[in-house]
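Proteins get letters first, then strands, A, B, ... in listed order; numbering begins at 1 in each.
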Protein chains: 2
Amino acid sequence: MWEGDRPSRSFVLLEGFGCTYKLTGDMPDLQSLHLKVLDNSLGTITPCQVGFIQHETLLDLCHRQPRIAAALWRETLIDASIFREWILNVGRREARSRMAHVLCELIVRLRAVGLAQDHRCKLPITQVEMADALGLSAVHVNRVLQELRGDGLIRLDGGTLTVLDWESLRQVADFDPAYLHLQRSQAAA
Amino acid sequence: MWEGDRPSRSFVLLEGFGCTYKLTGDMPDLQSLHLKVLDNSLGTITPCQVGFIQHETLLDLCHRQPRIAAALWRETLIDASIFREWILNVGRREARSRMAHVLCELIVRLRAVGLAQDHRCKLPITQVEMADALGLSAVHVNRVLQELRGDGLIRLDGGTLTVLDWESLRQVADFDPAYLHLQRSQAAA
DNA sequence: CGATGGCTTGAAATCTCTCAAAGAAAGTGG
DNA sequence: CCACTTTCTTTGAGAGATTTCAAGCCATCG
């Protein structure tokens, strides 16, 4: 799906890693429900399984089940909240901190949906893609990751991220998960 | 209003310049309607006039007038869209381009609501505040503005911004207003 | 007048990028 | 299983962008 498209249905990411930095279980394009033109492209990092739903169906559902509408609306508000944090992250933190922040977010979000145990999770992503997401050069991403590893904060092998020292990483990242708006039960780090 | 607050009503900016980079006429905290905790602080740049509305009232209104709910939802989606563009702007464009981009956005948004004529508008903002918004140092903001002026792209005096060469500024900014999701009638630049 | 806030300038320090090359790892086809 | 190709990671060094620190200027305000 590309910028400029005018989709007539929304979809849900059921399985895999998608782009625009979206994770399994997310519904990245509620956008398309109320905005006619797509203003960003969506891609996949890994092979993904997605479900589609017609806009009409969804709108009808929202109309008859205000709770659902509220939940989805809430979802878009949280997205916006996350974007705000990213603006801060990308605009004001230096590379090391920025990287740490994404990693913290990744862990917490995946834990919240049961896709990460302890402080370890899959990270099937290339350094070039990370660079892209963080607005850094791939070379610099590499060096920053080495630093983080060298300081014993994380381990990274075979597409698996392990946070060895959560508290330090959190401090480096200046990470406070409030912006993710998780339920208390999900928020435990 | 501060991070961590749990507001029971929303408000509308009726007049003035508010912070989190919001402009007159916006409704910056629909957020609070569905999310319990405020995850960002709101401030004002200039003295502002705001209207308040109880959450209950608003929810009730949405329930009885789905069109209103849809419109407000749409609003939050556009916000998210703008945030996405900002992530791009702040993360990937260098200072000169970044600055040009905000100025373009400012002009277009103010024109859309009739607050800017031609390519000129009020910009009652200090360079320090700009620096803050752009994630740059105040010193650098100053230099970039000088460049832009030196190249004859803008003029800036007494809190008034005048774009002297819109097309060039747009190019420097790599600005495409699609992400603002304006109606065609509003979008004319 | 002195104080304050905002703008401007210069110079050195820092961060990050680009370019270029080489080493690992992973996938492909024989 | 091996050669081969491709993709990803790692390294070094120089160039560029941006920051910090420090100082000076200018207007406004009490």
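Between the NE2 atom of B:H140 and the P atom of C:dT8 there is a distance of 15 Å, rounded to whole Å. Look at CG on A:L136: it is 20 Å from P on C:dT14, rounded to the nearest Å. If you take CD of A:E94 and C1' of C:dT14, they are 9 Å apart, rounded to a whole angstrom. Rounded to whole Å, the distance from CG on B:D157 to C1' on D:dC26 is 16 Å. When the P atom of C:dG6 is taken as reference, atom CG of B:D132 falls 13 Å away, rounded to whole Å. Per the geometry, CG belonging to B:L134 stands 18 Å off P belonging to D:dA17, to the nearest Å. In this structure, the CD atom of A:E147 is 13 Å from the P atom of D:dT10, given to the nearest Å.
With no hydrogens or angles considered, a side-chain donor-acceptor pair links B:D39 and B:Q31 at under 3.5 Å.
With respect to A:E85 and A:R93, a salt bridge is recorded, a charged nitrogen being found less than 4.0 Å from a carboxylate O. Look at B:D79 and A:R84 and you find no salt bridge, because none of the NZ, NE, NH1 or NH2 atoms lies under 4.0 Å from a carboxylate O. At a threshold of 4.0 Å, the pair A:R92-B:D132 counts as salt-bridged, since one of the basic side-chain nitrogens sits closer than that to a carboxylate oxygen.
For B:A133, there are no side chain to side chain contact (heavy atoms under 4.5 Å, CB included) partners, not counting sequence neighbours.
Nucleic acid contact for B:G159: none, since no nucleic acid atom lies under 4.0 Å from a heavy atom of the residue. Using a 4.0 Å heavy-atom criterion, one finds that A:R93 contacts no nucleic acid atom at all. No contact: B:G158 has no heavy atom under 4.0 Å from any strand. Residue contacts for A:R92: at a heavy-atom cut-off of 4.0 Å it reaches no nucleic acid atom on any strand shown.
DNA chain C is contacted by both B:R143 and B:A138; B:A138 maps to the nucleotide lying nearer its 5′ end (nearest heavy atom per residue).
Phosphate proximity of C:dT8 to B:N142: present, with a side-chain N or O under 4.0 Å from OP1 or OP2. Within the 4.0 Å cut-off from OP1 or OP2 of C:dC7, at least one side-chain nitrogen or oxygen of B:T126 is found. Between B:Q146 and C:dT9 there is a side-chain polar atom (N or O) within less than 4.0 angstrom of OP1 or OP2. When the side-chain nitrogen and oxygen atoms of B:Q127 are compared with OP1 and OP2 of C:dG5, none of them lie within a distance under 4.0 Å.
Figure legend: B:R9 and B:F52 shown as a cation-pi pair, the cationic atom lying under 6.0 angstrom from the six-membered ring centre and within 45 degrees of its axis.
The terminal axes of the helix from C:dC1-D:dG30 to C:dG30-D:dC1, fitted over 5 pairs per end, subtend an angle of 40° to the nearest 10°.
Of the options A:I154, A:L164, A:T162, A:V163, a side chain to side chain contact (heavy atoms under 4.5 Å, CB included) to A:R120 is made by A:T162 and by none of the others.
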